[in-house]
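Letters A, B, ... mirror the listed sequences (proteins, then strands); counts begin at 1.
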Amino acid sequence: MQANILCIDDGPKDEIEAIANTLTFDEGVNINVEVMCPQGVERDVAVIEERLKETSDFALLVDLRLDQDAPANQQRVSYRGPTLVQELRSRMVGPQPALKPFPIVLWSADERLHLDYEADITSHDLFDFVVSKDALRQDFGEVSRKICGLVSGYAKLLNTGRSLKEMLAAFGLDEESSSWMPEEALNEVVDTITRSVPSAAKFINDELLDFEGSLISTEILAVRLGVDLSALDEKETDILMTAFGSALYRGPFCDSRNLWWWAGVEALWHEHDQRNLRRLNADERIVSLAQWLQVTFPVAKKIDHKVHSSHKFFTVCCRSGEPLDPKEGLRFKKNCKYSWQIQPLVSMKEGVNLGASAQDYIIPDDIEFLQDTLETIVS
Amino acid sequence: MKTIDNYKDELAKTLKESPDDVQRILELSHQIARLDDQAYRLTVDSSHVDILGMQLVSKQETALSELIKNSYDADATEVDVEFIDSLTPGGSLVISDNGVGMTSDDIRDGFMRISTNFKSLRPTSRKFERPVSGRKGIGRFSTQRLGSKLTIVTRSEDSQSATELKIDWDAYQRGSDLMAVSHRPTATTRKTPGTTFTINNLRDSWTESKILGAYKHISGLLSPTSLISPENTGEQSFSVTVKQTATTGERRVTKPLVDQHSAIFSHAMAEISGWIDDQGVARFTVESKVLPKAKWTDINDEPLFRVGPKSSKEDLSKNYAALRGVKLKAYYFVHSELPRGASSLVRSVLKQNAGIKLYRNNFKVMPYGSGRDDWLSLQQSSAIRDILPPHHNNNFMGSVEVNDLDGLLFEETASREGLIENEAFEQLTNFTRQVLLSAVLQVSSARGIKLYASDPSPSASNPHATPETANETAEELLESNPEDPKSQAAASALKDLATQNVELMKEARLLRILAGMGLTITDFSHDIRQTLTALDAAAQAIVLQGDTPNNRRRYESCSKGLNNYLAYFEMTVSENADRKLKPIDLVDAARQFVNVFEPLAERKGITIEPLEASSLALTTPMHPAEWHAVFLNLYTNSVKAINKTSNVGKIKLELGCSDNQIYLDFSDNGCGIAAEDKPRIFDHFFTTALPSSLGATDAEELTGSGIGLAIVKDIVESSGGRVMLVSPLSGYATTFRVSVPIATEDETSAG
């Protein structure tokens, strides 16, 4: 995994280089970072064009506020990161874009992201990914892998034909497995990519990969199989992942995360057990897996709280990551725009822990449901 | 009693002889189904309609508003509601809209079918994609709730003919089957698409207050854009007009009861218009129908002027010549002055529609005047409370219209929302803001309320009342009335108060220093945070990647940066505890400032010129920290002024003596200070700062709040000094001169 990153930031060069250098820490990635002070939109664009010609695997890292600092004896620029990126993105539009599309990541101090970026919703679709400078110290590995994943994902999208069949192949699917991907999503990707590769990338990342639905994370896969992922040793992990290997997501942006086609997982399950996974509790699923794979995996544990009783786990709490039967989940406030997206759930335990702030996260009907459940338990 | 076989025979006969008598065929089929021994079925009694109508729509106001919501959902832009002889039950109600109308299918499968999920399936309307507002399936029951006879005349957009359907709700009697009641549609004519509901034999009386109550229910839908936006925008508005008609014998009198103008705009404190005429002169008109004639005279077509403190007027009319053809129309509302009956309705409409929208070539330009947008900085101005009368975005509803077909003046941002903030845009913002504020100040002046924070309050204290004069007065009192116990008590109280006042003044002096420093510290918090993050990353790099020259350089640079901030904190905080006043060596203080701030300024691309000063006399006794607060506030002020330009920033300090005063000249090459702002820059809360960001922190708002220079003035004047603007040094835009008296010999030796 590799990336050549140009970082445009108005801060003191040594400081910015020090922070950007954290992206090179992870040994699993090969990242080069060049730091540049903004010099005017046209000049910035010209440098980017040069780098695009000189290097492959190009990605841009842009500071939110470019208009605050400047090197000694140099003019400060009067634009912010989103203004520059608007210009870049509009040059990437169309079947023959003036600028070859590449991933753009926004970075900024945490408080700036909250104040300036989150309020400016018109800028949200410009960036593939947003990262807080403050959080890089802990998350550098994840962030650098994600940037590399974006770079390879863009390359894949750029090199893919625009027909439905070719796009399906780019997602690692063939005629037989074509139904794993929602038709609506595939059509949307094909429609969008002809207009704008960055928009297609944004759609795939935000609406398909980031949502539990037709694709699921390894954590959810484990929970649906009744397995306690955290208790698996390397060998057990390998056996389990290999068994479901044909359902592994191999489409764009697959390098930075492991996702699974749920329909593919179900198809593999049904080859060995005709029963519906949803109706089995975790112990029953473990027994079935043992018969199939000759390994008795550690069973996923129920959330330790009196409001939780079911072992028919099918998702994880989006706050704590603990296994959860959706019947015992509370709907998290997140807008699901497409039919394949499943509303993220918060466990009732987390709902209780949230106290009065629950109303900021959980939809009102489910807060009532939680209160009713608690009252029933007390009585 | 007939048997099932009787009914079957009769059905067979009807099908053969009268196959078009669908109603009879249906009745017979139902009887057969009812008598079927093999299977039982749920049937619905006709009276169920009545029960549903009364239970689903219990209040008559709700019923009316639901019908109007249906018009909104049908993409109508205008709805006329007429109550005829409705002051007692038995009258009529006609609701007519210009929406998309209903097709036969819509009537049959929508209006006439209970429990359809039509609205749930289509959450937005067909034409304008309005979010559907009517509750599911309430419309038909609303008509039933309102009156016993309904006539619908409707013509859909793609049809030339209209359909009329009469429904007698009384036909739904207990004992008959729901399916047994039918209504025959007939063809009729209607000039334009839309739907008219005529409801006769109204069940209730409709007084004016009930009608207004129903109007409030639909206030959230009202979009009075037609009254504030330029013509032909094609923008979808929604207006409802209500009339009341009374017949007396042959005489029929109709009076308008409520429409958007009467319900909303008639309560505006002022109607404001502004424009740039053909000669390039900015003109404006302010009318008020609310203010009493004795206090207010309309401003009619006058050149634009700015109202200043003490009712001074400044001509602004020639400032916007480039904007010829621009038009502004706005209504100004003062929430606290809204009449009781209309207050909630107007507030509700303002909540949805407030703000000054921008139209360019008849198209609305987003995001100006929508949501949280503050393009005219009205929110910011309200927050800093320099101008006191209400002038928040939600006090206005209006639009600015720009005709710039050739795109010569304004340029849209590359493919996105908004206009590029060029000079024309800045002028437009300024013009709009000035017209609004001039109008607000003019109106508020007539209302007799305080306009500026800096205006004297009616209860301004006597400037000659000092602790010394209080003590003198107390002594005089004692001398003139040595025997009077009341005078003695008063004199004693006066002396106590004078002593307390001295202590309070000392405390105020210290608090001023702290406030001045507190304000500036917020300016650095963001930079410090980033330097800390970078230092942390640089240290981590040395651990993970080794002590390479690059990693070492970055680490040392960040560490040095942090030490610079530390020096700043030490300078600002260390001498705060020293409460003793002593003569200050200003050259030393200035040198210390330059040393600490040079690297911090360099980060912003700003150069602080080397200090050229030999030794000078000492200042009158002051707190050492007072000078730090003065330097800091002048510095942050300069940085903000430089940030408003694209200049390579520079700051220069010069020191000197003249006329028993030591002075500091503090210069920067920022944006300078506009002539009209010069008299007010030392007023508390006066600021020319622009909003620093979309959602500024409290700290950011504080730093642009216009307290800094006022604090400098207070500090300097408390030591008998002065701060003023002087002619800028060559190559600089602004020079502040701070001067304080030279210490006397006694003071110097005591210090």
Side-chain angles (χ1 to χ4, degrees), chain A residues 9-27 37 40-41 64-65 67-78 80 82-83 86-91 93 108-112 114-123 125-126 132-137 140, chain B residues 366-367 371-372 413-418 420-421 525-527 529-545 550-551 553-562 599 601-607 639 642-650 692-697 699-700:
Chain A
D9 196 305
D10 62 336
K13 200 169 182 197
D14 283 338
E15 284 183 18
I16 302 306
E17 278 183 352
I19 303 173
N21 186 43
T22 53
L23 294 172
T24 67
F25 286 174
D26 192 295
E27 287 176 356
C37 206
V41 173
L64 181 60
R65 297 293 299 266
D67 55 345
Q68 298 200 304
D69 294 340
N73 298 316
Q74 191 175 311
Q75 282 187 354
R76 266 178 321 102
V77 299
S78 57
R80 300 182 182 198
T83 309
Q86 271 176 17
E87 188 54 45
L88 294 169
R89 286 303 194 203
S90 40
R91 292 183 192 210
V93 171
S108 185
D110 205 29
E111 93 268 16
R112 289 268 168 234
H114 285 305
L115 291 170
D116 293 354
Y117 177 72
E118 283 174 16
D120 178 18
I121 51 171
T122 60
S123 293
D125 58 349
L126 295 170
S132 148
K133 285 179 188 172
D134 311 348
L136 263 181
R137 186 176 181 271
F140 60 82
Chain B
M366 291 300 283
R372 288 182 59 199
T413 51
S415 81
R416 316 291 304 181
E417 292 183 335
I420 288 179
E421 297 188 2
S525 59
H526 169 73
D527 294 345
R529 197 185 172 94
Q530 177 162 296
T531 309
L532 257 176
T533 306
L535 181 76
D536 204 19
Q540 218 176 350
I542 291 176
V543 173
L544 293 171
Q545 297 176 324
N550 272 345
N551 286 340
R553 176 177 46 79
R554 289 168 192 154
Y555 176 81
E556 284 171 356
S557 171
C558 296
S559 169
K560 191 176 155 206
L562 218 54
E602 195 183 301
R603 181 189 181 107
K604 308 267 168 210
I606 298 170
T607 309
V639 172
I642 291 167
N643 281 352
K644 284 187 195 168
T645 70
S646 54
N647 298 342
V648 175
K650 56 178 183 174
S692 44
S693 64
L694 213 57
T697 58
E700 283 173 319

Checklist entry - Quick one: of T24(A), V77(A), L136(A), T83(A), who has the most non-hydrogen atom pairs under 4.5 Å with chain B? => result T24(A)

Item to check | Reported CD-to-CG distance for the pair Q68(A) and N643(B), which is rounded to 0.5 angstrom | outcome: 8.0 Å

Next on the checklist: Is T22(A) in contact with chain B via its backbone, its side chain, both, or neither, using a 4.5 Å heavy-atom distance?
Outcome noted: side chain

Checklist outcome for this item: Applying a strict 4.5 Å limit to non-hydrogen atoms, the region of E602(B) in contact with chain A is both

Item to check | Gap separating the OG1 atom of T645(B) from the CZ atom of R76(A), nearest 0.5 angstrom | outcome: 6.5 Å

Checklist entry - When rounded to the nearest 0.5 angstrom, what distance separates CZ in R603(B) from CG in D10(A)? => result 9.0 Å

Item to check | Side chains of E17(A) and N550(B), donor plus acceptor under 3.5 Å | outcome: no

Checklist entry - In this structure, which one of L532(B), D536(B), T533(B) forms a side chain to side chain contact (heavy atoms under 4.5 Å, CB included) with D134(A)? => result T533(B)

Checklist entry - Can you name the closest pair of heavy atoms from A538(B) and A18(A) and give their distance? => result CB-CB, 4.0 Å

Item to check | Results of ring pair (Phe, Tyr, Trp, His ring centres under 6.0 Å) for F25(A) - residues two or more places apart only | outcome: F140(A)

Item to check | Atom group of T607(B) that falls short of 4.5 Å from chain A, counting heavy atoms | outcome: side chain

Checklist entry - Does any non-hydrogen side-chain atom of Q530(B) lie less than 4.5 Å from one of I19(A)? => result yes

